[in-house]
Amino acid sequence: MSVSSDSAKPAQPNSTNETVSQPAENSAAPNRMPYLSNFGSDVANSWLLPDGVVDVLFEDAHKQEVLRHQLIEQLITHGYQLVCPPMIEFTESLLSDASEDLKRQTFKIIDQLTGRLMGVRADITPQILRIDAHHGGTGIARYCYVGDVIHTLPSGLFGSRTPLQLGAEIFGCASLAADIELIDVLFTMVNKLNMSAALHIDLGHVAIFKRLAELAELSDSDTEQLMYLYANKNLPELKRVCRALPMGDDFYVLARFGHDIANLLAKLSDAAQQDSQIATAIDELQRLKNYLQDQWQCPVSIDVTELSGYHYHTGIVFNGYINSETQPLVRGGRFDGMQSQTQVLRAATGFSMDVSRLLAHTQLDAPTVVLVDFAALSNANTDEMQTLLQQVESLRQQGYRVTMPLDAQDSPDDVTHRLSISDDSQWQLQTV
C-alpha cells in the first residue's frame, strides 16, 4: 500500500511563527507506559468467566461435596448401582437418539487421535441408556449417577452452564410402581437434607397429546405448532388454530381443562374418551397425584400440555420446584431404553437434579475450627509434639477442622477453639 508524500512528511510549524503547543505533562502521563494499561486489561479478561459459569468456593464447595455424598449414599442404600460415565464420547453414541434441544446444548470437539467428532456431555441420561443397553440384561435394573455436565447455553435467564447433575433411573419396569418408587426415593433424599423450602411437584403425561395426535393424524408441522401454543399459553390463538384441525376441540380441551384431571376425560370427545391409552394415562395421573398428596403431603399441580420433553418422554413426566423459582430443581419422567442385542424397546423412568441448586436452600452444621497455638507449637519438645500429633489426629477423626500454623500470622478467620499446652505439658482444647 503506497503512502502519499503529504501524509509521510513530519509536521512543520507554520510560516507565521506560531509555535506548536506541547501537551501538558499531566495529560501525557497516562500514555507514557501504555503497555501497563494493556496488561491490566489482559489480566482482567483472563480472569473473566463466561456467562453461566461460576466458581463454587469455600463453604459452598464444602456444602456441595457433602450434598453430593449424602444424596448418592441415599440412592445406593435404596438399591441403585452407581455408574460414572466419561465426560466425552463419540457423538454417534452420545447423541444417537438425542432431541434437537440436547444436540444444541452439546459442545462438539474433534478427537485428535482419530479425527472423529466427539461431544462433551450435556446430559448423563443418554449415557445411562448406553450402559443399560450393554449391561442391563432383561430384568429390572437401577442406576444412579452424579457428575458435571456442560451446556452451550444456560437454561433460563440466570441458569448455569455447568450443572452438577445427579439422578436415578429404573429400567425394565413399565408399571406405575417404578414411578412411585422414584418419587419415594426423591422425597426421602430431600427430606433428609432438612431443606428450608418445600418441594412442589408439577405432573404431566405426554402420552395423552401423543395419542390424540395419532388419532387425528396430525402432520409434524401441526404438532409443532400446537406445542408452541401450549408452551406460550396462548389460548385465543390456540382456539383459532384448533378450528381447522381434526379433533381440534380435544386439543383445545387439553389446554382449557388440562389442569383439572378429575374432569378432563369427561370434557374430551367420545372418540377420545373411549380410547384405552388416553383413559389409562389420565388414570395414572390421578393415582400419582393422590399418592403424592397422601404419602408426602406434597402440593401437586397438573399440566397435560407440559410437552418440553415430547420427543424424548413417553408417559408420566414431572418437575419439582422450590418455592417460587421458575426453573425446576428436579426433572423426571418416562422414556424408552433399548437392548443392544435384540433392539427391543425397554421401559424406563428416572429423574435428575442440579445439586448446586440446593446450596441456597440447605445449611451445614457450624464447624468446629481449632487452631494450634503457634508459640506452644514452636517450643514443644519431642514428647509434647508426639502427644500433639496424636490429639490432632483424634480431633480430625471426630470432624474437627484443625490447623497447625506455619507462622504466627497463619490463622483461619473462623477459629472457634485453640489447642494450647498447659503448665503440666498437657495439650488442652479451649473455646475462643
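What you are looking at is a predicted structure, and each value in this text was computed from that prediction instead of being measured.
- When ring centroids are compared, Phe257 and Tyr252 stay outside the 6.0 Å threshold.
- Between the side chains of Asn290 and Gln286, a donor-acceptor pair is found at a separation under 3.5 Å.
- Checked by atom type, the side-chain pair His417/Thr368 shows no donor-acceptor distance below 3.5 Å.
- A ring-ring contact (aromatic ring centres under 6.0 Å, His included) with Phe187 is found for one member of Trp296, Phe318, Tyr291, Phe351 and no other, namely Trp296.
- Under the 3.5 Å distance criterion, the side-chain polar atoms of Arg211 are left unmatched by any main-chain donor or acceptor of Ala281.
- Side-chain atoms of Gln398 and Ser394 include a donor-acceptor pair closer than 3.5 Å.
- For the 3.5 Å distance criterion, the side chains of Gln81 and His135 fail to qualify, holding no donor opposite an acceptor.
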**OP:** Decide yes or no on salt bridge (charged side-chain N to carboxylate O under 4.0 Å, His left out) for Lys233 and Asp303, but give the supporting numbers first.
**Re:** CA-CA 11 Å; Lys233 310 299 181 186; Asp303 185 2; 2.9 Å; yes

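- Screening Gln105, Gln165, His151, Arg331 for a side-chain hydrogen bond (donor to acceptor under 3.5 Å, both in side chains) involving Asp123 leaves a single residue, Gln165.
- Among the candidates Asp275, Asp250, Asp249, the single residue satisfying the side-chain hydrogen bond (donor to acceptor under 3.5 Å, both in side chains) test with Ser269 is Asp250.
- In this structure, His200 and Tyr321 have tilted ring planes: the angle between them lies in the 30° to 60° band.
- No more than 12 heavy-atom neighbours from other residues, nucleotides or ligands sit within 6.0 angstrom of CG on Asp97.
- Nearest heavy-atom pair, Ala271 versus Met247, reported as atom, atom and distance to 0.1 Å: CB-CE, 4.5 Å.
- Taking each heavy atom of Lys210 and His313 in turn, the nearest pair found is NZ-O, 2.7 Å.
- Taking the charged nitrogens against the carboxylate oxygens, Glu393 and Arg396 have no contact shorter than 4.0 Å, which rules out a salt bridge.
- Listed here is the closest heavy atom pair of Leu371 and Ser411: CD2-OG, 3.5 Å.
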**OP:** Tell me, with the steps shown, if Gln428 and Arg418 meet side chain to side chain contact (heavy atoms under 4.5 Å, CB included).
**Re:** CA-CA 8 Å; Gln428 295 181 338; Arg418 187 177 299 275; over 6 Å; no

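- With no hydrogens or angles considered, a side-chain donor-acceptor pair links Thr125 and Glu169 at under 3.5 Å.
- Checking side-chain atoms of Thr362 against main-chain N and O of Met195 turns up no donor-acceptor pair under 3.5 Å.
- Side-chain contact, Gln74 with Gln70: no donor N or O sits under 3.5 Å from an acceptor N or O.
- The two atoms that bring Pro85 and Ile131 nearest to each other are CG-CD1, 3.9 Å, heavy atoms only.
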